[in-house]
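Note that the structure is predicted; figures quoted are calculated from it, not measured. Whatever order the structure lists ligands and atoms in, that order sets their numbers, starting from 1.
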Amino acid sequence: MHIFEFIRPADQTAAIATAAQAKTAQQGADVRFLCGGTTLIDLMKLNVETPARVLDINRLPLDKIETTSDGGLKIGATVRNSDLANDERVQRDYAVLSQAILSGASGQIRNMATTAGNLLQRTRCVYFRDTAMACNKRETGTGCSAITGSNRTLAILGTSDHCIATNPSDMCVAMSALEAIIHVQGPKGTRAIPFGDFHLLPRDTPHRETVLEPGDHITHVTLPPPVTGSKQVYLKLRDRASYEFALASAAVVMNVDDGNVGYIRIALGGVGTKPWRSPEAEAALSGKAADAANFRQAAEAALRDAKPQSKNKFKIELAKRCLVHVLQTAANG
Ligand SMILES: Cc1cc2nc3c(=O)[nH]c(=O)nc-3n(C[C@H](O)[C@H](O)[C@H](O)COP(=O)(O)OP(=O)(O)OC[C@H]3O[C@@H](n4cnc5c(N)ncnc54)[C@H](O)[C@@H]3O)c2cc1C
Ligand code: SF4
């Protein structure tokens, strides 16, 4: 049986204390925060998540998008994906984030889904959602059915012998390229986590997906001030035009000065076990001519360490072409 509780602002500290008693904040947590419910409730119906207590945080005052004193943006944890994508500051200054969110799910789901929930959405690996199948992420030590099974949509970067699941988020790819900071409140106080440090590689602990500890709840995300004059592009390649997760995607924030690449941030989606920032591709392009040959070099660098599975080798070339196309589009600005 699950106990659902609404958390009012006055109860926030008590709610954190309750959640802090949980065994874990990772897979199998016995206390869970609830936002839009588009991930959590699905997984509860499948018995993949079985929390004893569900703390609904929708009544907390975390639903604002505010300009920060340094000219950046503060995005509350419960801001709906639709509201974020359609905010005029986001569309003007962080266009890659708006594009990424609008490429995901459907209008109805985006109206429910929240910033924090999206950061913590779970893999779409079919075996993770099927309790009859072995899955190290769902149940430690049982094995990985995907390695010898259906792995066409799964990851080629950051995999381990224990898990090859893809992080499915579009929003996170853009936030990675924008160098967002995730703000957390927990039993030990508040902390700010750079985006690249938030999600974990699967290694031999695929059930641990983030650095969150029991009682931690995400309060907001901040974006640094916009990069003046930058071109921002997100492209998502998938099996059908809408309502489908990425096979490969790319987010780019780029400045071109006198034909040369200046500021450059690159992240990939659909191919990594976490949202995949590529410092290798950025280094390959920085200061170089913004031309097709260098864009291809950057794509080669980004996928150099790719390790395909039996059915997803095609993703290597797909991701390279995706990135080249995004860079070309941004350069043509
Ligand atoms: C049919 C379908 C298609 C989809 N397609 C796409 C797609 O193409 N691209 C894409 O990116 N996404 C897609 N999604 C996923 C969707 O974006 C996520 O389900 C959504 O963003 C999760 O947000 P939520 O608020 O509903 O999360 P919830 O389900 O409420 O929560 C998700 C997790 O986050 C935890 N949590 C929530 N808020 C907090 C907090 N403040 N602090 C700590 N923990 C918290 C919950 O405990 C839970 O573990 C799809 C989903 C569905 C159902
Ligand atoms: S890839 Fe990961 S999520 Fe999928 S079956 Fe293997 S361990 Fe489970």
For [X], the ligand 1 atoms whose distance to one of its heavy atoms is below 4.0 Å:
X: Ser169; value: 11 (O)
X: Lys236; value: 7 (C), 8 (O), 9 (N)
X: His217; value: 42 (N), 43 (C)
X: Leu40; value: 29 (O)
X: Asp42; value: 53 (C)
X: Pro168; value: 10 (C), 11 (O)
X: Asn118; value: 17 (O), 21 (O), 22 (C), 23 (O)

Atom 4 (Fe) of ligand 2 to nearest N/O/S of Cys144 below 2.8 Å: no

Ligand 2 to Tyr127, heavy atom cutoff 4.0 Å, flagged ligand atoms 5 (S)

Please identify which atoms of ligand 2 are closer than 4.0 Å to at least one heavy atom of His162. 7 (S)

Transitive ILVMFWY side-chain link Leu119 to Val96, under 4.5 Å: yes

Should the proximity of [X] to ligand 1, defined as any heavy atom under 4.0 Å, be assigned to the side chain, the backbone, both, or neither?
X: Ile109; answer: side chain
X: Ile57; answer: side chain
X: Gln121; answer: side chain
X: Ser106; answer: neither
X: Met44; answer: neither

Below 4.0 Å from ligand 1: does a non-hydrogen atom of Arg110 turn up there or not? no

I'd like to know if atom 6 (Fe) of ligand 2 has an N/O/S atom from Cys135 within less than 2.8 Å of it, counting both backbone and side-chain atoms. no

Heavy-atom distances under 4.0 Å decide this one: backbone, side chain, both or neither, for Cys163 against ligand 2? both

Asp257 side chain to Gly262 backbone, donor-acceptor under 3.5 Å: no

In the protein, what heavy atom is nearest to atom 42 (N) of ligand 1, and what distance, to one decimal place, separates them? Ile218 N, 2.9 Å

